[in-house]
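Report on the structure given below.
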Amino acid sequence: MIVPMKKVSLIIMGDKKAETLKELRKLGIVHIEITEGSGERLGELKEEISLLENAVFTVGKNKKAEEKDINASQALSVAREIISLAEEKKACHSERIALNAELDRLKSWGELDPHSITDLASKGIDISFYEMPKAEYEGLSDGVRTVRLDSNKSSVKFLLLKSDLDSEDETAQALRNYRLELPQLSTAETAKKIDELNSRIKTIDEQITSYAGYAESMKKAIKSLKKEVEFEVYATGMGNENLSTDENKAVSVAYFKGYIEAENLDKLQQTAKKNSWGLLVEDPCEEDNVPTKLKNNKFVSLIYPLTDFLGTVPGYFEYDISGWFLVFILIFFGIIFGDGGYGLLTCTVAAVLIIKSVVSKKTISPAVLLIGLFGLSTVLFGTLTCTWFGLSPEQLPHWLKSLSIPVISNVYADRIWHPFWTEGEIGLTTAQNLQIFCFSLALIQLTVAHIKCSVRNKSSVKMLGDIGSILQLLGIYYLVLSLVVNSEVFSFGLTIGGIPIGTVAIALIGIGFCLSFVFSNYEGSIVKSILSSLTNIVSVLLGVVNVFSDIVSYIRLWAVGLAGAAISSTVNELAGPLFGNFLFMIVAIVILVFGHGLNMILNILSVIVHGIRLNTLEFSSHLNMSWSGHKFKPFNEEIDYKGELL
């Protein structure tokens, strides 16, 4: 359920901000609605957090490193040293890249020593090096004296005395484009410098690695600094007012809003009275940005790791569908994976993790238990349909086949099933029975959504609109069976026990539409409700189409499960023939492990894309849920890893 909240406004003396926040942090039950702060201290704290985060990232993970416990101040010093080393390493890398580029540029010239050339210039012999296309070199005038050093089919390397050239001469202008810019270091010095840089980079890496043991302490320091940031945001983000007393003295008053669980209101009132705070308590309204706190039993709470991963939080005025979410995602997971063998593997993984937690005397993670439930769901569906590692029914033992339900079992995949109202060759295939199962899940889940809506509106005639939606679902469900599954079995002329099923379905759609049209927008006046529906007539009509598409959307469960079964069967067909030869057996095992492993990964993605979608989109849209909520996070105090109050 969604825990009831109260909106509170707290008024305090302006000079009591820090003191009040410390009391509230100690109390730990108020969600403060302040999101922005200001001030130099806040900026400094954020810079320190950024420094520590960069240091932790630079150090990386090293499981072999011995943990070293230090306080927050020492962690900051270590972080500065790590970042300083990282910056030096970056500079060394940049310099090494530049020197390597210089060596590549001069590679074809062999060993060059700019110091020797400078010595020659000091003695009056000023030479320059050039490399130019062979055709242009051969076209130089006879007055240009060069010393040819090397040549190939396309270019010539040579040197000449600068004194032989007139700087204003056309030849000098042309040669300028081909002149070699001499390096600052000789080739040997450059290579030595690169070796020194490599050595320094290696030393820096070793130094950074030596700080790996401080990673956990730095993470804890980040956590403590974030609490300080939170404190500073609240302290600097409060509203302020200057009031005048009867004696014309200016008094500074600070105030802020927040939210508290209704059951904890007495504690806040007692603390406010003790500290002389002004406290206003109100019931939140839909315009308020009320945080959401969910409270469920241990079984339903197993869905929280998944919803936390998705980041989905219902709004305070929306529904807590945690229980329904868990039930249906387990069913959807089982159908999409669909293979009992995959379910056993999933259960094995969960069992190993559970045993590991028990042996190490750690609390079993809810995520692990959820994985185990997913595995059991898959085993159950695989058992009912007789699907095990993509093997054909002929390859499975009789006792395993006997556990399956015939109408959806692969054992009877080629059989035609005849409902009691059909005759002759008219019947349903196993695949069609599975489609009906998926559409029936749609009917159940979407009906649950509208029942929840009708319960919320039980004191209003708006509930009739929800009942109309349920009637439409029933009628459109039969329409889907007729149009998508089998129009002969589910014909509109079908009569059972004297009841014209097809006619009843059409009537349900019509009656349901009328009820929804008249009462869905009811807010105290039927006339206004009808006018609202008329104003949005296009949306109202499209709503009927959306119901049809929402039910049909559930066929994705069958389709994705069928695709997974086809992949596993194909993998078996590829690997099967190789088992006849001992030399190819290893290849066959690799194909099986890789193929089935890849199929399981694809199935996980399918659950995320399709299974979760049906809960967060189709189901939620019928509940008018937008998942617009944010978590209730009370401002509380924590003790840091050195036992110091943050």
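On a predicted model such as this, the values are computed, not experimentally measured, just so you know. All heavy atoms count here, side chains included; hydrogens, waters and symmetry mates do not.
- For Ser487 (side chain) and Leu483 (main-chain N/O), no donor-acceptor pair under 3.5 Å exists by modelled atom type.
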| Evaluation steps, side chain to side chain contact (heavy atoms under 4.5 Å, CB included), between Ser491 and Leu494 | CA-CA 5 Å; Ser491 68; Leu494 176 63; 3.8 Å; yes
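- Residues forming a side-chain contact (heavy atoms from CB on, under 4.5 Å) with Leu481 (at least two apart in sequence, or on another chain): Ile436, Phe439, Tyr477, Val485, Phe490.
- Within the structure, every pair that satisfies the ring-ring contact (aromatic ring centres under 6.0 Å, His included) test and touches residues 365-384, not counting sequence neighbours, is listed here: Phe333-Phe374.
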| side chain to side chain donor-acceptor pair (under 3.5 Å) between Ser620 and Trp627, worked out | CA-CA 8 Å; Ser620 298; Trp627 298 97; 3.0 Å; yes
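- By the 4.5 Å heavy-atom criterion applied to side chains, Val8 and Leu280 are not counted as neighbours.
- Under the rule for a side-chain contact (heavy atoms from CB on, under 4.5 Å), the partners of Ser553 that lie at least two apart in sequence or sit in another chain are Arg556, Arg613, Leu614, Glu618.
- Other residues, nucleotides and ligands place more than 12 heavy atoms under 6.0 Å from the CZ atom of Phe619.
- Considering only residues two or more places apart in sequence or on other chains, Thr385 meets the side chain to side chain donor-acceptor pair (under 3.5 Å) condition with Thr387.
- Around the CG atom of Asn297, the shell of radius 6.0 Å holds more than 12 heavy atoms that belong to other residues, nucleotides or ligands.
- Shown here are the side chain to side chain donor-acceptor pair (under 3.5 Å) partners of Trp417, two or more places apart in sequence or in another chain: there are none.
- The shortest distance between side-chain heavy atoms of Leu21 and Ile32 falls below 4.5 Å.
- The ring-ring contact (aromatic ring centres under 6.0 Å, His included) analysis of residues 268-316, with sequence neighbours excluded, yields no pairs.
- A salt bridge does not link Glu19 with Lys22: none of the charged nitrogens is closer than 4.0 Å to a carboxylate oxygen.
- A donor-acceptor distance shorter than 3.5 angstrom exists from the side chain of Asn486 to the backbone of Val489, with no hydrogens or angles considered.
- Atom NZ of Lys452 has more than 12 heavy atoms from other residues, nucleotides or ligands within 6.0 Å.
- For Lys295, there are no salt bridge (Lys or Arg N to Asp or Glu O under 4.0 Å) partners, not counting sequence neighbours.
- A donor-acceptor pair shorter than 3.5 Å can be found between the side chains of Lys17 and Asn240.
- Residue Tyr342 forms a side-chain hydrogen bond (donor to acceptor under 3.5 Å, both in side chains) with just one option from Asn599, Asn603, Thr378, and that option is Asn599.
- Not a single donor-acceptor pair under 3.5 Å links the side chain of His31 to the backbone N or O of Ile260.
- Annotation: side chain of Lys528 is not in contact with side chain of Asn521 (no heavy-atom distance under 4.5 Å).
- Pairs engaging residues 462-473 under the salt bridge (charged side-chain N to carboxylate O under 4.0 Å, His left out) rule: Lys462-Glu523 [sequence neighbours left out].
- Remark: Trp324 CH2 is loosely packed, at most 12 non-hydrogen atoms of other residues, nucleotides or ligands lying under 6.0 Å away.
- For the pair Leu306/Phe325, a side-chain contact is recorded, criterion being any heavy-atom separation below 4.5 Å from C-beta on.
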| request: Test side chain to side chain contact (heavy atoms under 4.5 Å, CB included) on Ile612 and Ile329 and set out the steps. | output: CA-CA 7 Å; Ile612 291 175; Ile329 196 62; 3.9 Å; yes
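- Remark: Glu23 engages no residue in a salt bridge (Lys or Arg N to Asp or Glu O under 4.0 Å) (not counting sequence neighbours).
- Rounding to the nearest 0.5 Å places CG of Leu279 at 6.0 Å from CD of Gln269.
- Partners of Lys6 according to the side chain to side chain donor-acceptor pair (under 3.5 Å) rule, which considers only residues two or more places apart in sequence or in another chain, are Asp283.
- In terms of the side-chain contact (heavy atoms from CB on, under 4.5 Å) criterion, residue partners of Val544 (sequence neighbours excluded) are, by chain and number, Gln472, Ile476, Phe513.
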| field | Working for ring-ring contact (aromatic ring centres under 6.0 Å, His included), residues Phe632 and Tyr259 | value | CA-CA 8 Å; Phe632 175 75; Tyr259 298 92; 8.7 Å; no
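- Glu318 pairs by the side-chain contact (heavy atoms from CB on, under 4.5 Å) definition with Pro314, Met625, Ser626, Ser628, not counting sequence neighbours.
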